[in-house]
Amino acid sequence: MRLLTHNMLSSNIKGVTNGFPLKIEAVNVVEKQVDLNIDFLKNIFSKIEWKAFVEAAKSMGYSELPEDVDSSQLDNQDFVTKFHHALLEIHLEEGTLECPETGRKFPVSKGIPNMLLHEDEV
């Protein structure tokens, strides 16, 4: 699971009002090279919840991102390279995603998060 995916997921358990961001507990993290696409990065940048993104990257062992950013940094090649790497090349292969409100853990296996709810959570 890429951090791009993580940044779009939230807990949909019945009654949960604060299901984002899901806390990552990484067991196995891998890196997979992806061609850099600056246009994609510029388009997706405004959709990223930056604080959650930085925390997720740190939980997977990557701490090269700045705490605060603005779109002007997309003109900085060093920033773009780090943003691209964290967003698209770092993958959570095995671990869990934890709801910040309930503590419910959703497993991630072979890079696929299982966000299915139990019958009593619907």
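Values reported hereafter were calculated over all heavy atoms of this structure, with side chains retained and with hydrogens, waters and symmetry mates removed. In this chain, residues are counted from 1 in sequence order.
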Q: Examine F20 and V108 and state if one hydrophobic cluster contains both, with Ile, Leu, Val, Met, Phe, Trp and Tyr joined whenever side-chain heavy atoms are less than 4.5 Å apart.
A: no
Q | Over all atoms of both residues, closest heavy-atom pair of L65 and A86 | A | CD1-CB, 3.8 Å
Q. How close do M60 and A26 get, heavy atom to heavy atom, and via which atoms?
A. CG-CB, 4.3 Å
Q) Taking it one step at a time, do K105 and E25 satisfy side chain to side chain contact (heavy atoms under 4.5 Å, CB included)? A) CA-CA 9 Å; K105 293 184 179 185; E25 294 178 8; 3.1 Å; yes
Q: For the residue pair F79 and F45, categorise the inter-ring angle as parallel (less than 30°), tilted (30 to 60°) or perpendicular (more than 60°).
A: perpendicular
Q | Nearest non-hydrogen partners of R104 and L116, listed with the distance | A | NH2-O, 3.1 Å
Q | T96 side-chain N/O to E98 backbone N/O, donor-acceptor pair under 3.5 Å | A | no
Q | Closest approach of F106 to C99 (non-hydrogen atoms, all atoms of both residues) | A | CE1-CB, 4.4 Å
(Q) Under the criterion side chain to side chain contact (heavy atoms under 4.5 Å, CB included), I'd like the reasoning laid out for L22 against M115: C-alpha separation, chi angles, the key distance, then a yes or no. (A) CA-CA 11 Å; L22 297 168; M115 301 297 293; 3.7 Å; yes
Q | side chain to side chain donor-acceptor pair (under 3.5 Å) pairs, two or more places apart, involving residues 62-86 | A | K58-E67, D70-S72, Q77-T81, D78-K82, H84-E89, H85-E89
(Q) Could you check whether any side-chain heavy atom of L74 comes within less than 4.5 Å of a side-chain heavy atom of F83, counting everything from C-beta outward? (A) yes
Q) Hey, what do you get for CG (D39) to CD1 (I44), rounding to the nearest 0.5 Å? A) 13.0 Å
(Q) Hydrophobic clustering (ILVMFWY, side-chain heavy atoms < 4.5 Å, transitive) - are L3 and M8 grouped together? (A) yes
Q) If every non-hydrogen atom of I24 is compared with every non-hydrogen atom of A56, which pair is closest and at what distance? A) CD1-CB, 3.7 Å
Q: Return each pair, listed once, that meets salt bridge (Lys or Arg N to Asp or Glu O under 4.0 Å) where at least one residue sits in residues 40-49; pairs must be two or more places apart or across chains.
A: none
Q) Heavy-atom distance under 4.5 Å between the side chains of L92 and L97, does that happen here? A) yes
Q: For side chain to side chain contact (heavy atoms under 4.5 Å, CB included), just list the numbers for D35 and F40, CA-CA rounded to whole Å, side-chain angles, deciding distance to a tenth of an Å, and then say yes or no.
A: CA-CA 11 Å; D35 291 338; F40 173 76; over 6 Å; no
(Q) Membership question, hydrophobic clusters at under 4.5 Å side-chain separation (ILVMFWY): are I90 and I112 in the same one? (A) no
(Q) Let me confirm one number: the CG-CG distance from L36 to L88, rounded to the nearest 0.5 Å. (A) 8.5 Å
Q.
Within the 4.5 Å heavy-atom criterion, are K23 and S59 side-chain neighbours or not?
A. no
Q: Among residues two or more places apart or on two chains, list those pairs meeting side chain to side chain donor-acceptor pair (under 3.5 Å) that have a residue in residues 1-20.
A: T17-E101
Q: Output, in order, the C-alpha distance, side-chain angles, deciding distance and verdict of side chain to side chain contact (heavy atoms under 4.5 Å, CB included) for F53 and L4.
A: CA-CA 8 Å; F53 178 59; L4 172 61; over 6 Å; no
Q) Of all heavy-atom pairs between L9 and P113, which one has the smallest distance, and what is that distance? A) CD1-CG, 4.1 Å
Q: Indicate yes or no: at least one non-hydrogen side-chain atom of L87 is less than 4.5 angstrom from one of I48.
A: yes
